[in-house]
Amino acid sequence: MKNKPLIYFILFVVLLNTNGYAQQKNTEIIELNPLSIELNDLSLFEKGSKDWGLAENISIDRKTNKIVLSKKGKGILIHTNDSKKHENLVTKLQHGNIAVEFDVMLSKGTESSIYLQGKYKVLLTDSWTKNSSPITNIGSIDSGNNAADKKYLATENVAKAPGLWQHVKIVFQAPVINASGEKIKNARFEEITINNRTVIQNVEVLEPSAGAISKKETALGPIVLQGTEKAIAFKNISYKLNTFLSLQPENIVMEIKKSPKTIENNNSLLKIKPISKKKVETISPLTDLKQNAANLVQYSGTLDIPETGEYLFTMFVSGGGFMAIGDQEIFNFALGFSGHENTVPAPKLVKVTLKKGKTPFTIAYNKKSPRDREFQLFAEGEHMQRYSMVSHKMTEKEQEIYDMRFTVLLV
């Protein structure tokens with residue numbers, strides 16, 4: 001073919017654009033019930049300084065580090081650094097557990113931050129060329145006197161150049177305060193993602209950061225955007241209040257069974273006599289099936305559904321997979337045959353309505369071939385952050401495969 005190189009180039013561009021689309025639309029498709037801080041005016045914030053305003057289109061002059069208004073209007077929150085006070089902007093929203101996402105544009109040398117509950121500081125810094133100082137990398141946590149501790153530092157520097165929009169996602173768990181006002185559990189950053197790269201995972205913070213609005217830890221607090229001597233802008237600010245953390249599986253029983261030719265429904269699966277059976281603490285099919293390649297592993301027990309509402313489940317398998325909650329069959333992927341050819345080519349998403357209370361569940365997996373086993377299962381609720389229901393943590397290679405196949409799902 002004379003135009004073969006041209007065809008390869010076109011294919012590369014299509015895939016590149018598709019991947020960008022997947023990253024852009026990922027939140028919209030996965031998350032249930034997202035809310036927005038509408039930037040039509042500043043009414044959702046406490047009274048701020050004259051430095052803060054709104055625009056429709058902007059850029060940042062790299063020579064002067066000033067924001068250039070391409071068009072006045074609304075939709076973009078800007079800190080112009082025109083005054084000497086550099087006052088912070090505080091939301092009227094008071095939050096506990098939260099997932100918050102936004103796009104931020106930094107000027108050269110910016111050292112700003114966002115405070116969750118007004119107390120726990122995540123750096124929004126221009127670290128584009130600062131490879132030798134991880135303490136100042138965008139996404140790092142400033143946690144009081146422990147700020148230099150490695151666990152608070154972003155695992156990699158994924159900053160973009162000043163003047164470009166950067167995407168930030170933070171999943172935060174508030175400290176637990178008892179009836180007497182005493183803290184009984186520390187605040188925690190479950191995840192911080194910068195430009196679609198996770199740089200912080202499961203980090204507990206012992207105390208409020210420097211510059212906090214108060215040193216007293218509470219169940220609720222505002223989001224605070226730090227004003228500095230440098231220009232900074234925000235847009236697409238959305239959040240989700242996570243009242244509940246998980247579906248809490250209870251009384252889990254793991255059974256090894258002989259793989260049948262077909263699985264019609266939950267009842268036919270439950271009727272198969274187990275080869276072995278025991279109580280377990282976690283759902284870990286990739287671990288529990290290692291010694292039983294020709295069989296299937298089944299988990300049953302109860303889920304404590306925290307509220308009546310919509311729930312979104314995502315399953316990704318190489319082999320056969322099955323899930324039922326109560327009388328609702330959610331996934332049934334060729335569980336009987338379980339050959340490599342039955343790999344599900346992309347994660348499958350199913351939305352169901354569940355009633356509050358304890359409900360029986362069944363989850364099963366098999367894969368006769370030991371090659372390329374994979375089983376991922378995620379759950380999300382209207383007030384519950386997306387989380388993995390299985391204990392197996394994806395390797396970097398598995399994550400790349402999952403992301404690639406999720407891109408296929410969105411096309």
Side-chain angles (χ1 to χ4, degrees), residues 37 42 44-49 51-52 77 79 81 83-100 102 104 110-125 127 133-154 168-192 194 199-230 232 234 237 239-243 245 385:
I37 296 180
L42 297 179
L44 297 180
F45 299 90
E46 301 292 348
K47 186 178 179 180
S49 73
D51 282 356
W52 294 93
L77 177 67
H79 178 264
N81 70 315
S83 74
K84 295 181 180 180
K85 290 185 177 181
H86 311 308
E87 293 179 359
N88 297 338
L89 196 62
V90 181
T91 65
K92 292 180 180 178
L93 168 72
Q94 299 281 316
H95 72 85
N97 299 335
I98 193 172
V100 60
F102 55 89
V104 62
T110 296
E111 294 183 358
S112 185
S113 59
I114 179 172
Y115 288 81
L116 280 298
Q117 293 195 317
K119 301 181 180 76
Y120 310 99
K121 181 178 182 179
V122 177
L123 301 185
L124 300 177
T125 50
S127 57
S133 182
I135 293 177
T136 60
N137 281 350
I138 184 171
S140 292
I141 300 168
D142 180 349
S143 183
N145 296 323
N146 306 286
D149 192 318
K150 286 185 178 180
K151 69 179 180 180
Y152 297 113
L153 306 183
V168 179
K169 179 177 180 179
I170 302 169
V171 182
F172 172 80
Q173 292 182 21
V176 178
I177 310 298
N178 66 16
S180 300
E182 299 172 321
K183 182 179 71 170
I184 58 176
K185 189 175 182 180
N186 288 321
R188 179 182 297 276
F189 285 92
E190 186 174 319
E191 179 183 300
I192 298 176
I194 307 294
V199 298
I200 293 284
Q201 277 188 309
N202 195 29
V203 172
E204 184 178 50
V205 288
L206 306 180
E207 59 185 331
S209 307
I213 59 175
S214 170
K215 290 297 182 181
K216 182 179 180 181
E217 296 183 278
T218 54
L220 297 175
I223 296 173
V224 176
L225 303 178
Q226 183 182 8
T228 70
E229 61 181 9
K230 303 290 185 179
I232 188 170
F234 298 86
I237 305 174
Y239 66 95
K240 181 177 175 182
L241 300 176
N242 296 320
T243 310
L245 298 179
Q385 174 64 27

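This one's a predicted model, so the numbers in the text were calculated from it and none came from an experiment.
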Original post:
How close do Lys169 and Val171 get, heavy atom to heavy atom, and via which atoms?
Top reply: CE-CG2, 4.0 Å

Original post:
How far does OG1 of Thr110 sit from CG of Leu123, to the nearest 0.5 angstrom?
Top reply: 12.0 Å

**OP:** Calculate, to the nearest 0.5 Å, the distance between atoms CG and CZ belonging to Leu77 and Phe45 respectively.
**Re:** 5.0 Å

Original post:
Would you say Ser112's side chain and Leu124's backbone share a donor-acceptor pair under 3.5 angstrom?
Top reply: no

Original post:
Between CD1 of Ile98 and CD of Gln385, what distance do you get to the nearest 0.5 Å?
Top reply: 10.5 Å

Original post:
Is the count of non-hydrogen atoms from other residues, nucleotides or ligands lying under 6.0 Å from Glu111 atom CD greater than 12?
Top reply: no

Subject >> Any side-chain heavy-atom pair of Leu153 and Asn137 under 4.5 Å >> reply: no

Subject >> Donor-acceptor contact present, side-chain Asp142 to main-chain Ser209, <3.5 Å >> reply: no

Subject >> Minimum side-chain heavy-atom gap Asp51-His86 below 4.5 Å >> reply: yes

**OP:** Could you go through the side chain to side chain contact (heavy atoms under 4.5 Å, CB included) check for Ile37 and Tyr239 one step at a time?
**Re:** CA-CA 8 Å; Ile37 296 180; Tyr239 66 95; 3.9 Å; yes

Original post:
Name the one of Gln173, Glu190, Arg188 that satisfies side-chain contact (heavy atoms from CB on, under 4.5 Å) with Asn202?
Top reply: Arg188

Original post:
Rounded to the nearest 0.5 Å, how far apart are CD of Glu46 and CG of Leu93?
Top reply: 10.5 Å

Original post:
Does any non-hydrogen side-chain atom of Trp52 lie less than 4.5 Å from one of Leu225?
Top reply: yes

Subject >> 4.5 Å side-chain heavy-atom contact, Phe102 and Ile114 >> reply: yes

Original post:
Just by modelled atom types, is the Ile223 backbone N or O under 3.5 Å from a matching donor or acceptor in the Thr91 side chain?
Top reply: yes

**OP:** Indicate yes or no: at least one non-hydrogen side-chain atom of Val122 is less than 4.5 angstrom from one of Tyr120.
**Re:** no

**OP:** Assess whether atom NZ of Lys92 is packed by more than 12 heavy atoms of other residues, nucleotides or ligands within 6.0 Å.
**Re:** yes

Subject >> Main-chain N/O of Gly227 paired with Asn88 side-chain donor or acceptor, under 3.5 Å >> reply: yes

Subject >> Nearest heavy-atom neighbours spanning Val224 and Gly118 >> reply: CG2-CA, 3.7 Å

Original post:
Do Phe234 and Ile232 touch side chain to side chain, with heavy atoms closer than 4.5 Å?
Top reply: yes

Original post:
Does Ser140 reach the main-chain N or O of Ala154 with its side chain, forming a donor-acceptor pair under 3.5 Å?
Top reply: yes

Original post:
Between the side chain of Ser214 and the main-chain N/O of Lys216, is any donor-acceptor distance below 3.5 Å?
Top reply: yes

Original post:
Just wondering, do Val205 and Phe189 contact through their side chains at under 4.5 Å, heavy atoms?
Top reply: yes

**OP:** Taking the side chain as every heavy atom from C-beta outward, state whether Lys151 and Ile141 have any pair of such atoms under 4.5 Å apart.
**Re:** no

**OP:** Using modelled atom types only, decide if a donor and an acceptor are shared between the side chain of Tyr152 and the backbone of Glu204 within a distance under 3.5 Å.
**Re:** yes

Original post:
Under 3.5 Å, is there a donor-acceptor pair between the side chain of Thr125 and the main chain of Ile138?
Top reply: yes

Subject >> Residue among Lys119, Gln117, Lys183 satisfying side-chain hydrogen bond (donor to acceptor under 3.5 Å, both in side chains) with Glu217 >> reply: Lys183

**OP:** Drop me the distance from Gln226's CD to Lys121's NZ, to the nearest 0.5 angstrom.
**Re:** 5.0 Å

